[in-house]
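I have placed the structure first, in the form of structure tokens, so that the comments after it can refer back to it.
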Amino acid sequence: MIRSVLTLRAAAGQAGALEAFYAEHGILERARRFQGCRDALLLRSVDGGPATYLVIADWDTAADYRRWIEDPWRVAMSRQLAAVLDTNADEPVVGALFELVATA
């Protein structure tokens, strides 16, 4: 199993818009239906700092995640999402990949 972790920072005043974007477009549901995706979550920071989110998903393989990243629908959604993020518009919206090493 591979876990993707994507960090998103909402632009000032755009946290609600980011959450609404995910809900309205069914991003997590679409990811879960994508071949190789086992689960997908959107987490919001609660530490009082800037509106930071983590998108965490579990994949059968790294290749499955790469196929999701390259999916035309996902590419289009990433371009639209950039409008509510505190990043450069041309910065790719791609997570880092991790593999399980140990559990308790």
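We use all heavy atoms of the structure for the numbers below, so side chains are in, but hydrogens, waters and symmetry mates are not.
Looking at Asp60 and Arg38, their side chains come closer than 4.5 Å, going by heavy atoms from C-beta outward. No side-chain heavy atom of Gln35 sits under 4.5 Å from any side-chain heavy atom of Trp68. Side-chain contact between Asp58 and Ile2: absent, with no pair of heavy atoms (C-beta onward) separated by less than 4.5 Å. Side-chain contact between Leu8 and Leu81 is present, with at least one heavy-atom pair separated by less than 4.5 Å. In this structure, Glu99 and Met1 have side chains that are not in contact, with every pair of non-hydrogen atoms separated by 4.5 Å or more. Taking 4.5 Å as the limit, some side-chain heavy atom of Leu18 sits within range of a side-chain heavy atom of Leu85.
Pairing each heavy atom of Cys37 with each of Ala31, the nearest pair is CB-O, 3.0 Å. Between Gly36 and Asp64, the shortest heavy-atom distance links the atoms CA-OD2, 3.5 Å. Minimum interatomic distance between Val84 and Ala17 (heavy atoms only, all atoms of both residues): CG1-CB, 3.8 Å.
Note: the hydrophobic cluster containing Tyr22 does not contain Val5 (ILVMFWY, side chain heavy atoms under 4.5 Å, direct or indirect links). Leu54 and Leu97 fall into different hydrophobic clusters, where Ile, Leu, Val, Met, Phe, Trp and Tyr side chains are chained together by heavy-atom contacts under 4.5 Å.
Residue pairs that meet the salt bridge (charged side-chain N to carboxylate O under 4.0 Å, His left out) test with at least one member in residues 24-34, sequence neighbours left out, are Arg32-Asp39.
The aromatic rings of Trp59 and Phe34 stand perpendicular to each other, their planes meeting at an angle above 60°, with 30° marking the opposite boundary.
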Kindly list each side-chain donor-acceptor pair under 3.5 angstrom involving residues 45-52, sequence neighbours excluded, with atom names and distances?
from  : atom 1 : to    : atom 2 : distance (Å)
Ser45 : OG     : Thr52 : N      : 3.4
Ser45 : OG     : Thr52 : O      : 3.3
Asp47 : OD1    : Gly49 : N      : 3.1
Thr52 : OG1    : Pro50 : O      : 3.2

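Checked options Leu43, Leu42, Leu6; the residue passing with Ile56 is Leu43 (criterion: side chain to side chain contact (heavy atoms under 4.5 Å, CB included)).
Without hydrogens or angle criteria, Tyr65 side chain to Gly95 main chain gives a donor-acceptor distance under 3.5 Å. In terms of modelled atom types and a separation under 3.5 Å, the side chain of Arg9 and the main chain of Asp86 share a donor-acceptor contact.
How far OH of Tyr53 is from CZ of Arg44: 5.0 Å, rounded to the nearest 0.5 Å.
With sequence neighbours excluded, no residue forms a salt bridge (charged side-chain N to carboxylate O under 4.0 Å, His left out) with Arg74.
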